[in-house]
Amino acid sequence: MAAAPDHAGQPSAPLDEPRPTSASLWRLSGATLLDAVIAVTVVFAGSLIIGLMLGGLRTAGVDVGPPGPGIAGMPAILIPLALLATLGAGVTLWLLHRRRLPSAPRPWTGGLFATIVLAAVAIQALAFGYYHLVGLFGLQVMGTNIDPVLSAYNASPLLTALMVVIAAPVGEELLFRRVCLHRFAQAGRPLLGLVLSSTLFALLHQPLPGERDLLVWLLMLVPYAAIGGVLGQLYLRTGRIEAPILGHAIINALGIATLAIGSR
């Protein structure tokens, strides 16, 4: 009798499930691409609706705040409100796949909570150190979302903080970890899922080089990909989507607190 394959460390994959083949990889890729199309459609439609609503309010004489940088004269609060569209995309995909997303989570303990907090603080500290180090070489690799978020925070601090610290982590973790990464982990390809979900996470935050050099753009992707990798590991190690959501919320809270302090 052939020995059962060793699946130690492979989250949520049944022992009697066949090992992945090239065909299963194509199916995984196709399903991931379809999810990406759905997510982009929901985000675009949601952002468009929010933008039209803000434009209508401004036309009606309602004060919706000052315009933000890089968003064609639209109110600065469009940026945090658009995060509701990301939340909508995450919830949409979770609803579509929830019956195919079993999990066997680790129990919550004080040690697990401390691990999540320490991991989030450490990766954010490393990101700040990375920006400083690269800056010593005369390269500006801070994300292009910094100025719009800061403008939105100055216009509406509470709204921006709530959207950045709550809506964004929930929506993005449902998208990238609970759906994308989980699918690959269940198919026995957690490492591939980790790389892909982290790369997509980075591209969401820095999608195009714009006017920057290709090298600068690639360097801008590094901290986001690293953060995605840490959040993905939290999910793989715990089986709890709450773990990367909490870690992501802490990272964003530290980021927006740094922006707020630096803008004084």
Side-chain angles (χ1 to χ4, degrees), residues 39-94 117 120-121 123-125 127-128 131 140-176 201-208 210 220 223-224 227-228 231 241-242 244-264:
V40 169
T41 301
V42 173
V43 170
F44 177 79
S47 300
L48 179 62
I49 291 171
I50 292 169
L52 290 174
M53 291 175 63
L54 287 175
L57 289 172
R58 187 166 59 181
T59 301
V62 178
D63 182 11
V64 290
I71 51 176
M74 291 296 294
I77 60 171
L78 173 63
I79 297 299
L81 287 176
L83 293 176
L84 290 173
T86 303
L87 175 60
V91 171
T92 297
L93 287 178
W94 176 76
V117 173
V121 173
I123 192 62
Q124 184 66 294
F128 288 147
Y131 290 133
Q140 178 58 255
V141 296
M142 292 292 287
T144 54
N145 60 345
I146 299 298
D147 287 341
V149 170
L150 179 57
S151 176
Y153 181 83
N154 290 333
S156 182
L158 181 58
L159 173 65
T160 303
L162 287 174
M163 294 297 103
V164 170
V165 177
I166 297 178
V170 172
E172 292 173 12
E173 295 312 307
L174 286 175
L175 281 172
F176 296 109
F201 178 76
L203 291 172
L204 172 73
H205 292 84
Q206 205 60 54
L208 295 172
M220 294 172 74
Y224 291 111
I227 290 172
L231 296 174
I241 191 59
E242 301 97 322
I245 288 176
L246 175 59
H248 197 157
I250 294 170
I251 291 169
N252 283 8
L254 292 172
I256 201 165
T258 303
L259 281 179
I261 295 171
S263 65
R264 290 181 179 178

CG of L162 to CG of L84, rounded to nearest 0.5 Å, is 10.5 Å
For S156 and T160, work out which heavy atoms get closest and say how close. O-OG1, 2.9 Å
Closest non-hydrogen contact found for G143 with M220 is CA-CE, 3.9 Å
dist M142:CE -> Q206:CD (nearest 0.5 Å) comes out at 10.5 Å
How far does CG of L83 sit from CG of L159, to the nearest 0.5 angstrom? 9.5 Å
For residues 57-80, tabulate all N or O donor-acceptor pairs below 3.5 Å that involve a side-chain atom, not counting sequence neighbours.
residue	atom	partner	partner atom	Å
R58	NH1	G73	O	2.9
T59	OG1	G55	O	2.9
D63	OD1	G65	N	3.0

Once rounded to the nearest 0.5 Å, what's the spacing between atom CG of L52 and atom CG of L48? 4.5 Å
Would you check, one step at a time, whether the test side chain to side chain contact (heavy atoms under 4.5 Å, CB included) holds for T258 with F128? CA-CA 10 Å; T258 303; F128 288 147; 3.6 Å; yes
Least distance between heavy atoms, A168 atom then N252 atom: CB-ND2, 4.1 Å
Does the side chain of F201 reach to within under 4.5 Å of the side chain of H248, using non-hydrogen atoms? yes
For the atom pair CD1 (I245) and CD1 (I241), what is the distance rounded to the nearest 0.5 Å? 5.0 Å
On a heavy-atom basis, which atom in V165 and which in A253 lie closest, and how many Å separate them? CG2-CA, 3.9 Å
Going by side chain to side chain donor-acceptor pair (under 3.5 Å), name the residues that satisfy it together with N145, two or more places apart in sequence or in a different chain. Y224
Contacts of type side chain to side chain contact (heavy atoms under 4.5 Å, CB included), residue V91, not counting sequence neighbours: L87, L95, L174
For E172, check salt bridge (Lys or Arg N to Asp or Glu O under 4.0 Å) against everything at least two apart and list the hits. none
Start with the C-alpha distance between L204 and F176, add both sets of side-chain angles, then the distance that settles side chain to side chain contact (heavy atoms under 4.5 Å, CB included), and finish with yes or no. CA-CA 10 Å; L204 172 73; F176 296 109; 3.7 Å; yes
After noting the C-alpha distance and the side-chain angles of I256 and Y153, does the key distance pass the side chain to side chain contact (heavy atoms under 4.5 Å, CB included) rule? CA-CA 8 Å; I256 201 165; Y153 181 83; 3.9 Å; yes
Residues two or more places apart in sequence or in another chain: which of them pass side chain to side chain donor-acceptor pair (under 3.5 Å) with T92? none
When rounded to the nearest 0.5 angstrom, what distance separates CG in L246 from CG in L231? 10.0 Å
F44 CZ: over 12 foreign heavy atoms closer than 6.0 Å: no
Looking only at heavy atoms, which two atoms of T86 and V43 are closest? And how far apart? CA-CG2, 4.0 Å
Test of understanding: with side chain to side chain contact (heavy atoms under 4.5 Å, CB included), list the residues that count as partners of L254, not counting sequence neighbours. V121, Q124, I250
